[in-house]
Amino acid sequence: MQSKFRLSRSEDFKRVRRIGKSYAHPLVVLVIQARGDSTPVRMGVAAGKAAGNAVQRNRAKRLLREAMQPLLASLASGWDLILIARPAIVTASLEETRLALTSLLQRAQILPADES
RNA sequence: CAGGUUGGUCGGGCAGUUGCGGCUCUGCGUUGUCAGAGUCGAGGAAAGUCCGCACUCCUUAGAGCACGGCGUCGGAUAACGUCCGGGGCGGGGAAACCUGCCGGACUAGGGCCACAGAAACAAACAGCCGCCCCCUUCCGCGCCCUCUCCUUCGGGAGAAGGGUCGCGGUGAGGGGGGGUGAUGGUGAAAAGGUGGUGUAAGAGACCACCGGCAUUUGCAGUAAUGCGAAUGGCCAGGCAACCCCCGCCGGGAGCAAGGCCAAGCAGGGGUGAAAUCGUCUUCGGACGAUGGGAGACUGCUCGUCUCCGAUCAGCCCCGGGUAGGCUGCACGAGCGUCGCGGUAACGCGCCGCCCAGAUAGAUGACUGCCCAGAUGGGGUAACCCAUUGGACAGAAGGCGGCUUAUAGACCAGCCUGAGGC
RNA sequence: CGGGGCGUGGCGCAGCCCGGCUAGCGCGCUUGCAUGGGGUGCAAGAGGUCGGAGGUUCGAAUCCUCUCGCCCCGA
């Protein structure tokens with residue numbers, strides 16, 4: 001993912017976590033917040049200590065980024081997203097992660113339901 | 001060949017598509033949070049953060065105390081609590097080999113050693129004594145008394161009884177003194193061991209052998225130490241991973257160190273003391289000395305340094321602001337081949353190489369073939385087919401170690417066993 | 001990067017400094033009695049590799065080293 005679509009500031013993370021809406025799945029939690037303008041979607045990925053050691057946390061974040069890659073083009077504009085990894089994602093495959101993300105984004109009404 | 005053991009190396013490989021980060025080059029009616037091309041892109045432990053360094057800053061860091069660490073010898077190293085090679089005392093193993101510990105416990109001192117035991121290190125208690133004194137009792141002899149018999153009337157004899165009597169005892173008991181040192185069920189541990197001589201009883205008191213200690217000394221070794229010799233005297237419990245003593249080392253903080261730039265905020269509040277003298281003077285003050293005060297040197301003392309007569313500055317405390325960029329930061333105690341020195345750790349030399357630098361944090365995904373491995377089937381076997389499948393783990397300033405995790409594969413040395421030539 | 005603390009029956013804690021005693025206390029648990037039954041009360045009882053490994057010592061929950069897990073603080 002190119003760095004201009006990333007969420008990189010600590011205050012951005014704090015803001016989204018504080019006032020954003022969250023959607024949960026056994027593999028991952030999605031937090032979204034509307035920015036109000038029409039700039040492209042920005043997203044950040046997080047994995048806490050509960051996800052495992054450093055290798056497992058990095059794998060979870062890579063898996064989430066890789067699964068998000070083909071979905072980015074069809075997302076609505078003007079949103080900041082945070083994906084938080086849960087422990088179960090360590091044993092999940094790329095396809096399972098992509099299905100989980102698709103259902104979460106559709107529930108959040110950012111991804112049109114007819115595409116998949 | 002099988003098993004064991006030690007050391008070392010690797011820890012999937014090749015190709016393609018795509019994604020991400022750094023660097024270089026090129027392109028642009030668009031100089032960018034741009035596009036394209038090339039190239040590089042995790043480890044043996046990157047981990048835990050247990051030691052040691054370099055480096056940076058702190059008002060030089062100087063001395064002493066305190067505190068902390070280390071402790072056989074020699075060497076390596078920038079340094080180390082690390083490594084290499086030795087020594088001593090143990091433990092495991094049939095062997096190769098592995099493994100633990102290492103200054104001082106009389107000649108500084110304190111403390112502890114539960115239970116048991118007489119006693120836990122210093123004597124006492126019980127015991128032993130044919131050593132001395134006293135008392136009681138018993139025995140023997142003598143003397144005396146009573147009794148019996150004999151008599152020359154002086155006494156004599158006796159197998160009987162007795163004594164505030166004497167002597168002796170190789171009898172028994174008690175008390176006191178003295179001697180004695182290991183006999184005292186114990187215990188982890190009890191002041192050399194065995195045998196003899198000796199003695200009132202005993203004991204290194206003495207003797208023989210053995211063990212250990214101290215001093216002197218010979219040989220080997222750089223040394224720790226080893227193998228001996230002579231002499232001495234039996235003085236010598238354990239714990240310093242209890243305090244302690246001796247020797248050596250350590251100033252403190254740490255890359256969020258530190259430097260530069262940009263932005264922002266208020267030099268806003270509190271707090272403390274004592275002056276005196278001299279010189280110069282533009283008469284505002286400046287400098288110097290003495291004394292004192294405040295503060296710093298991360299615990300204390302000395303010592304050193306900074307500031308102080310001012311509504312000003314400094315120090316200390318509170319409060320306020322910032323949370324961005326660049327650098328430090330990748331040419332280094334660097335890596336590799338070869339040669340030389342050294343038993344080795346390691347050192348020296350020549351040549352070659354440049355080898356991650358992210359900052360919400362880059363290595364991922366997919367496909368094909370191969371290589372170990374596992375399972376199933378076929379085959380006497382080599383092997384073939386199918387399925388499956390590769391551990392521990394991710395840089396965040398760097399380096400040297402230590403420790404811990406780790407599927408497996410390969411190489412070499414050594415030991416034991418079996419077989420063949 | 002630096003510093004500190006904790007781990008002991010099911011739960012919450014003592015004991016550790018300065019080694020030895022049956023590892024103790026409260027709640028909980030089991031059984032019995034008292035009650036028509038429950039609560040409650042009384043009596044009896046079970047339950048602990050002292051986080052793990054190694055060492056020092058005659059002897060370790062305690063001392064030393066390494067290690068695992070958890071928590072807290074400062075920059």
Side-chain angles (χ1 to χ4, degrees):
Chain A
M1 181 190 330
Q2 291 173 348
S3 52
K4 63 182 172 184
F5 302 125
R6 281 191 215 145
L7 211 55
S8 68
R9 288 288 157 222
S10 184
E11 56 263 34
D12 290 337
F13 271 81
K14 286 178 185 166
R15 173 173 48 77
V16 174
R17 286 284 286 155
R18 193 174 59 247
I19 64 180
K21 297 182 65 178
S22 64
Y23 301 87
H25 184 274
L27 296 182
V28 63
V29 177
L30 171 70
V31 185
I32 65 168
Q33 192 233 338
R35 245 191 357 266
D37 51 17
S38 61
T39 52
V41 163
R42 297 191 304 172
M43 64 168 270
V45 178
K49 201 198 292 183
N53 60 21
V55 172
Q56 290 165 331
R57 292 197 302 269
N58 277 333
R59 165 160 177 82
K61 286 154 80 174
R62 286 169 186 153
L63 208 58
L64 288 175
R65 280 194 223 104
E66 187 69 28
M68 203 63 182
Q69 186 71 23
L71 302 174
L72 276 178
S74 45
L75 291 185
S77 295
W79 294 88
D80 281 345
L81 321 182
I82 294 179
L83 302 177
I84 300 171
R86 287 186 149 183
I89 204 174
V90 171
T91 55
S93 70
L94 180 64
E95 279 309 308
E96 292 168 342
T97 311
R98 189 163 289 158
L99 286 175
L101 278 179
T102 305
S103 84
L104 280 178
L105 290 169
Q106 284 170 354
R107 276 168 56 196
Q109 297 178 351
I110 300 179
L111 184 70
D114 50 348
E115 298 189 24
S116 63

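So you know, we letter chains A, B, ... as the sequences are listed, proteins then strands, and number each from 1. When reading the values below, keep in mind they use all heavy atoms of this one structure, side chains included, and skip hydrogens, waters and symmetry mates.
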Taking only the [atom1] atom of each, what is the distance from [N] to [M] in whole angstrom?
{"N": "B/C80", "M": "B/G221", "atom1": "P", "result": "31 Å"}
{"N": "B/G295", "M": "B/C302", "atom1": "P", "result": "15 Å"}
{"N": "B/U216", "M": "B/G88", "atom1": "P", "result": "23 Å"}
{"N": "B/C70", "M": "B/G103", "atom1": "P", "result": "13 Å"}
{"N": "B/C399", "M": "C/A75", "atom1": "C1'", "result": "25 Å"}
{"N": "B/C315", "M": "B/U306", "atom1": "C1'", "result": "8 Å"}
{"N": "B/C402", "M": "B/G85", "atom1": "P", "result": "14 Å"}
{"N": "B/G349", "M": "B/A412", "atom1": "P", "result": "35 Å"}

Tell me whether [N] sits syn or anti, counting syn as a glycosidic angle within 90° of 0.
{"N": "B/G259", "result": "anti"}
{"N": "C/G39", "result": "anti"}
{"N": "B/G44", "result": "syn"}
{"N": "B/G154", "result": "syn"}
{"N": "B/G192", "result": "anti"}

Whole angstroms only, please: what is the [atom1]-[atom2] distance between [X] and [N]?
{"X": "A/K61", "N": "B/G361", "atom1": "NZ", "atom2": "C1'", "answer": "7 Å"}
{"X": "A/R59", "N": "B/G364", "atom1": "CZ", "atom2": "P", "answer": "10 Å"}
{"X": "A/M43", "N": "B/G19", "atom1": "CE", "atom2": "P", "answer": "17 Å"}
{"X": "A/L64", "N": "B/G19", "atom1": "CG", "atom2": "P", "answer": "20 Å"}
{"X": "A/I84", "N": "B/A360", "atom1": "CD1", "atom2": "P", "answer": "17 Å"}
{"X": "A/Q69", "N": "B/C20", "atom1": "CD", "atom2": "P", "answer": "7 Å"}
{"X": "A/M68", "N": "B/C20", "atom1": "CE", "atom2": "P", "answer": "16 Å"}
{"X": "A/L63", "N": "B/A362", "atom1": "CG", "atom2": "C1'", "answer": "17 Å"}

List in chain and number order the residues that pass side chain to side chain contact (heavy atoms under 4.5 Å, CB included) with [X], two or more places apart in sequence or in another chain; answer none if no residue qualifies.
{"X": "A/E66", "answer": "A/L94"}
{"X": "A/A100", "answer": "A/H25, A/L27"}
{"X": "A/A85", "answer": "A/A47, A/A60, A/L64, A/I89"}

Just the table, please: protein N/O against nucleotides 389-395 of chain B N/O, every pair under 3.5 Å.
unit_1: B/G394; atom_1: OP2; unit_2: A/V55; atom_2: N; d: 3.2

Residue matched to [N] through Watson-Crick or wobble contacts both under 3.5 angstrom:
{"N": "B/A46", "answer": "none"}
{"N": "B/U24", "answer": "B/A37"}
{"N": "B/U18", "answer": "B/G364"}
{"N": "B/C167", "answer": "B/G140"}
{"N": "B/U388", "answer": "B/G373"}
{"N": "B/A257", "answer": "none"}
{"N": "B/A63", "answer": "B/U301"}
{"N": "B/G90", "answer": "B/U99"}

Short question: side chain of A/Q56, backbone of A/N53 - any donor-acceptor pair under 3.5 Å?
-> yes
Verify the neighbour count for atom CZ of A/R15: are there more than 12 heavy atoms of other residues, nucleotides or ligands below 6.0 Å?
-> yes
With side chains defined as the heavy atoms from C-beta onward, is the minimum distance between [X] and [Y] less than 4.5 Å?
{"X": "A/L75", "Y": "A/M68", "result": "yes"}
{"X": "A/V29", "Y": "A/R86", "result": "yes"}
{"X": "A/R42", "Y": "A/V16", "result": "no"}

Does B/G361 have OP1 or OP2 sitting under 4.0 Å from an N or O in the side chain of A/R65?
-> yes
Are A/R57 and B/G361 close enough that a side-chain N or O sits under 4.0 Å from OP1 or OP2?
-> no
Earlier contact from the 5' end, RNA chain B, for A/G44 and A/L94 | A/G44
Which residue pairs satisfy the salt bridge (charged side-chain N to carboxylate O under 4.0 Å, His left out) criterion with at least one member in residues 98-109 of chain A, sequence neighbours excluded?
-> A/E95-A/R98
With sequence neighbours excluded, what pairs up with A/R62 under the salt bridge (charged side-chain N to carboxylate O under 4.0 Å, His left out) test?
-> none
